[in-house]
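Here is the structure we will look at, set down as structure tokens.
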Amino acid sequence: MSSDSVTPRTERVDFRATSDPALLEGSDRGEVQLLGYGELYSLWERQQWAVQDLDFRQDRIDWHERFEDDERFARMYGLSSFFVGEQRVAAELGPMMRAAPREDMRIFLCTQIADEARHVAFFDRFYSEVDVLGVAGLEERLAATSEHLNPEFGVLFDEMLSRRVDRLAREPEDVETLVEAITIYHMVIEGMLALTGQHFIIDYNEREGTLPGFVEGFTNVARDEHRHVAFGARFLRDMVQEDPRHRDAISRTLAEIAPVAEGVLRPRWAPADDDEEVYGVSANATRAFALRALERRMKVIGLVAA
Ligand SMILES: [Fe+2]
Ligand SMILES: [Fe+2]
């Protein structure tokens, strides 16, 4: 198992094209050319993909004929926070988009809303065609999946993120709250939690030779997430340069969120065991990977000395 962020996948030209600092060694020295908002939009146009093009026939066979009951449960558990998480982030992004202070930022965030909707559609089609839960309908699948989330997931989305997004819906000119929301959404939820889980889940399936349709789609999801995180890094760097007080808002928010984010990365059946493995990786290794990615991004934003 490699805990380094450099894999054949993340060395791909299309992954590096996002300018996500976590993928680029220059970030360790604070030397990364982040894309501008218009460039990120153009990249989105070039990086389209379609859920309907994926083929889940082998995935269905793997799921029902190759996996034992306990493996099916562990995999279903591991994916539940992604399925529900995609639905939550899609729903929260509207007020954040409207609160962005510049038109080019808003246009990029509109593309991200479309991406998050596509990610929900991806999970819904995978769950449906593989028959992961034995229930029909998107709402029903989301409800059944939500039963497997840990309590920290609810705190992170329903309290910490929702509170800021509700405020932005009422007061879209509140830039400080937008800085806090982007810190939670782009740096923690996408940058630390989603991309870390995606990295290990894709690696595990590639090593085991399982779920080829899922791996193809989830790799596209990960590339989208790197582009979203690159937007977040660019936005936070620009906001800090405009007003150094935003630096405190980012630090304060990261400190508030850290213990909750840490809890989300742990499996519910072994919350205190640092060596318990999920997808072949311990909680310690997962945390180290997430923190290294965060540190690189913070160096490029200018919050941590390079
Ligand atoms: Fe997503
Ligand atoms: Fe995203």
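E295 is linked by a side chain to side chain contact (heavy atoms under 4.5 Å, CB included) to K299, counting only residues two or more places apart in sequence or in another chain. Looking at residues two or more places apart in sequence or on another chain, you find a side-chain hydrogen bond (donor to acceptor under 3.5 Å, both in side chains) between D104 and R102.
Considering only heavy atoms from C-beta on, M187 comes within 4.5 Å of L236 through its side chain. Taking the side chain as every heavy atom from C-beta outward, R287 and T196 never approach each other to under 4.5 Å. With contacts defined as side-chain heavy-atom distances shorter than 4.5 Å, the pair L35/T18 does not qualify. Using a 4.5 Å heavy-atom cutoff, the side chains of D238 and R234 are in contact. With contacts defined as side-chain heavy-atom distances shorter than 4.5 Å, the pair L79/T145 does not qualify. Side chains of V300 and L34 form a contact here, defined as non-hydrogen atoms less than 4.5 Å apart. Looking at D174 and L178, their side chains never come closer than 4.5 Å, going by heavy atoms from C-beta outward.
To the nearest 0.5 Å, atom CG of residue L133 and atom NE2 of residue H148 are 6.5 Å apart.
Contact check on E171 versus R167 returns a salt bridge, with a Lys/Arg side-chain nitrogen under 4.0 Å from an Asp/Glu carboxylate oxygen. Ion pairing of D115 with R227 is present here, as a side-chain N (NZ or NE/NH1/NH2) and a carboxylate O approach within less than 4.0 Å. Look at E25 and R16 and you find a salt bridge, because one of the NZ, NE, NH1 or NH2 atoms lies within 4.0 Å of a carboxylate O, short of that distance. D158 and R163 are not joined by a salt bridge, as no carboxylate oxygen comes within less than 4.0 angstrom of a charged side-chain nitrogen. A salt bridge does not link E86 with R118: every distance from a Lys NZ or Arg NE/NH1/NH2 to an Asp or Glu carboxylate oxygen is 4.0 Å or more. Using a 4.0 Å cut-off between charged nitrogen and carboxylate oxygen, E176 and R245 do not count as a salt-bridge pair.
Remark: the W63 side chain and the D131 side chain contain no N/O donor-acceptor pair separated by less than 3.5 Å. Side-chain contact annotation: N205 with T210, donor-acceptor N/O pair under 3.5 Å present. With 3.5 Å as the limit, one finds a donor-acceptor pair spanning the side chains of E116 and H228. Checked by atom type, the side-chain pair E216/N220 shows no donor-acceptor distance below 3.5 Å. No side-chain donor from either of Q198 and R223 sits under 3.5 Å from a side-chain acceptor of the other. Between the side chains of E225 and H186, no donor N or O sits under 3.5 Å from an acceptor N or O. No donor-acceptor contact under 3.5 angstrom links the side chains of Q33 and E39, judged on distance only.
Other residues, nucleotides and ligands place no more than 12 heavy atoms under 6.0 Å from the CD atom of E68. The 12-atom threshold is exceeded at CZ of R66, counting heavy atoms of other residues, nucleotides or ligands nearer than 6.0 Å.
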>> Go through it in stages, so that I can follow the logic: the residues are F122 and F82, the test is ring-ring contact (aromatic ring centres under 6.0 Å, His included), and I'd like the CA-CA distance, side-chain angles, deciding distance and then a yes or no.
In response: CA-CA 11 Å; F122 163 68; F82 288 92; over 10 Å; no

> Would F108 and Y37 count as a ring-ring contact (aromatic ring centres under 6.0 Å, His included) if you check the C-alpha gap in whole Å, the side-chain angles of each, and the deciding distance to 0.1 Å?
Replying inline: CA-CA 6 Å; F108 178 81; Y37 306 107; 7.9 Å; no

> Do F218 and F126 pass the ring-ring contact (aromatic ring centres under 6.0 Å, His included) test, and can you show the C-alpha distance, the side-chain angles, and the key distance before you say yes or no?
Replying inline: CA-CA 10 Å; F218 214 32; F126 171 77; 9.0 Å; no

> What do the steps show when you test F153 against F157 for ring-ring contact (aromatic ring centres under 6.0 Å, His included), and what is the final call?
Replying inline: CA-CA 6 Å; F153 183 95; F157 281 89; 4.5 Å; yes

> Where do Q87 and E92 land on the side-chain hydrogen bond (donor to acceptor under 3.5 Å, both in side chains) test, with the steps shown first?
Replying inline: CA-CA 9 Å; Q87 185 270 331; E92 302 288 13; over 6 Å; no

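Taking the centre and axis of the six-membered ring of F67, the NZ or CZ atom of R75 falls inside the cone set by 45° and 6.0 Å.
Panel note: side chain R106, backbone A100; a donor-acceptor pair is recorded below 3.5 Å.
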